[in-house]
Amino acid sequence: MKVYKFGGASIKDAKAIKNVAKILVADEPNQILIVVSAMGKTTNALEKLAQHYFEQKNDCSPLLEAIKTYHYTIIEALFEDKNHAVYNEVNNFFVEIEWVLEDEPQDEFNFIYDQLVAMGELIASCIVSNYLNLSGILNQWADARAYLQTNNNYRSANINWPVTEALIVKTLPTILKNKLVVTQGFIGNTSENFTTTLGREGSDYTAAIFGNCLNADSVTIWKDVPGVLNADPKLFKRTVKFETLSYGEAIEMAYYGATVIHPKTLKPLQNKNIPLFVKPFMASHESGTKICETQKAIKTPIIIVKNNQVLISISTKNVSFINHNHLKNIFVAFADVNLQINTMQVSALTFSACFDFEEHQFNTLSKILNNEFNLRYNTNLQLITVRHYTPAVLKKLSQNKEIILEQLSRSTAQLVLKYKIKE
Ligand code: ASP
Ligand code: MG
């Protein structure tokens with residue numbers, strides 16, 4: 001069997017959903033589990049709705065109305081028969097949202113967020129499943145929450161693998177013998193039956209979980225790019241597509257911030273040696289990129305850009321050397337605020353770390369570190385990571401920019417840059 005994952009862009013309007021049906025037909029669908037994300041930018045819209053509801057300052061109805069209009073426009077374009085069951089089914093999901101919004105918030109934000117934001121995937125999968133059935137592609141809608149068991153770490157829930165695997169294996173293979181299955185990415189369920197989410201862009205990870213538990217022959221992520229490229233085509237004019245890539249290289253890319261694949265996606269597939277294909281949904285016959293176990297050496301430099309970085313320089317209050325005890329306290333502070341360091345450097349008198357800037361988290365960290373250290377920091381920085389770098393590439397990337405930290409290892413270079421410096 002195979003797992004296909006269709007992200008937000010690949011189901012953003014009626015035309016895109018029709019294209020999904022075309023891809024499946026061209027493939028002579030057989031034993032495919034389809035994982036879908038929320039349509040277009042719905043997750044962002046639902047996030048905003050959750051925030052408004054939690055703050056209770058503004059009326060939530062305009063936001064909800066816009067989400068409804070967006071989905072009903074798509075449904076009306078796909079289902080001529082206004083008595084089709086999809087109208088009722090989608091309406092039921094919206095009623096669930098309205099029920100939440102009616103009362104004042106009683107729970108913590110992350111819990112509320114998951115209950116509301118998960119609706120994007122539920123609605124999307126309902127529409128896609130109904131449309132495929134209407135087009136003769138026989139499938140069964142499955143609620144991913146009946147399979148993916150998680151802890152109650154809302155907004156970033158962890159999978160309970162043994163329970164999840166047992167639930168998946170118990171029913172899905174039998175269903176897949178007769179028809180396709182359409183389910184949701186990104187969402188799971190606690191043992192108390194509350195909805196959780198796996199973190200933004202988590203649908204790829206869902207596809208990998210199903211792939212792993214079902215021992216899939218392959219997992220394919222359908223994207224709006226030709227495959228995995230050596231740089232973001234939105235930032236660089238000339239890019240190179242990889243025909244094949246090793247799991248290890250793809251994991252490195254995801255770790256350093258390449259957005260093409262969710263970082264958690266690769267491990268469950270690598271563990272079972274299941275290839276991951278990244279393919280363009282607008283040209284489904286193209287080969288895309290195959291990620292698998294391969295020894296093929298990469299010669300093309302891979303460039304990963306992260307903006308909105310902060311570089312913090314930490315030094316002792318009495319200008320003493322940075323020793324192991326200082327380092328211990330610094331790392332404990334980072335761990336306590338759940339902050340991932342993107343690159344770091346230690347010298348005699350300072351420890352420097354570069355990470356994604358998020359104001360609230362940054363302020364909490366500063367408060368803790370201020371007790372023991374002097375802090376200096378720069379915001380609005382850019383971090384460029386280059387795998388398999390050459391001096392020429394580094395020179396070109398840092399042209400007209402001030403390098404404020406540089407870290408080179410054998411295969412990876414990292415530059416922290418001040419961009420848009422005044423002439
Ligand atoms: N819809 C979710 C998001 O936008 C999950 C996903 O697309 O993978 O983050
Ligand atoms: Mg998405």
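When a residue number appears, it is its place in the shown sequence, counting from 1. As the structure lists them, so they are numbered: ligands from 1, and atoms in each ligand from 1.
- Where the criterion is an N or O separation shorter than 3.5 Å, residue side chain and backbone included, Thr43 meets it with respect to ligand 1.
- Side-chain contact, Thr196 with Asp114: no donor N or O sits under 3.5 Å from an acceptor N or O.
- A donor-acceptor pair under 3.5 Å is absent between the side-chain atoms of Thr412 and the main chain of Ser409, judged by distance alone.
- Aromatic ring centres of Phe373 and Phe351 lie farther apart than the 6.0 Å criterion allows.
- The shortest separation from a heavy atom of Gly7 to ligand 1 is not under 4.0 Å, leaving the residue out of contact.
- The shortest side-chain heavy-atom distance between Leu408 and Leu394 falls under the 4.5 Å cut-off.
- Under the 30°/60° scheme for interplanar angles, the aromatic rings of Tyr72 and Phe94 are found to be tilted.
- The proximity of Ser37 to ligand 1, defined as any non-hydrogen pair under 4.0 Å, is limited to the side chain.
- Residue Lys41 places no heavy atom under 4.0 Å from ligand 1.
- Ligand-side atoms of ligand 1 in range of Ser203: 5 (C), 6 (C), 7 (O), 8 (O), range being under 4.0 angstrom from any heavy atom.
- For ligand 1 and Arg200, the ligand atoms under 4.0 Å from any heavy atom of the residue are 3 (C), 4 (O), 9 (O).
- When heavy-atom distances to ligand 1 are checked against a 4.0 Å cut-off, His262 has no atom that comes that close, whether in backbone or side chain.
- Within the 4.5 Å cutoff, no side-chain heavy atoms of Lys279 are placed close to those of Ser284.
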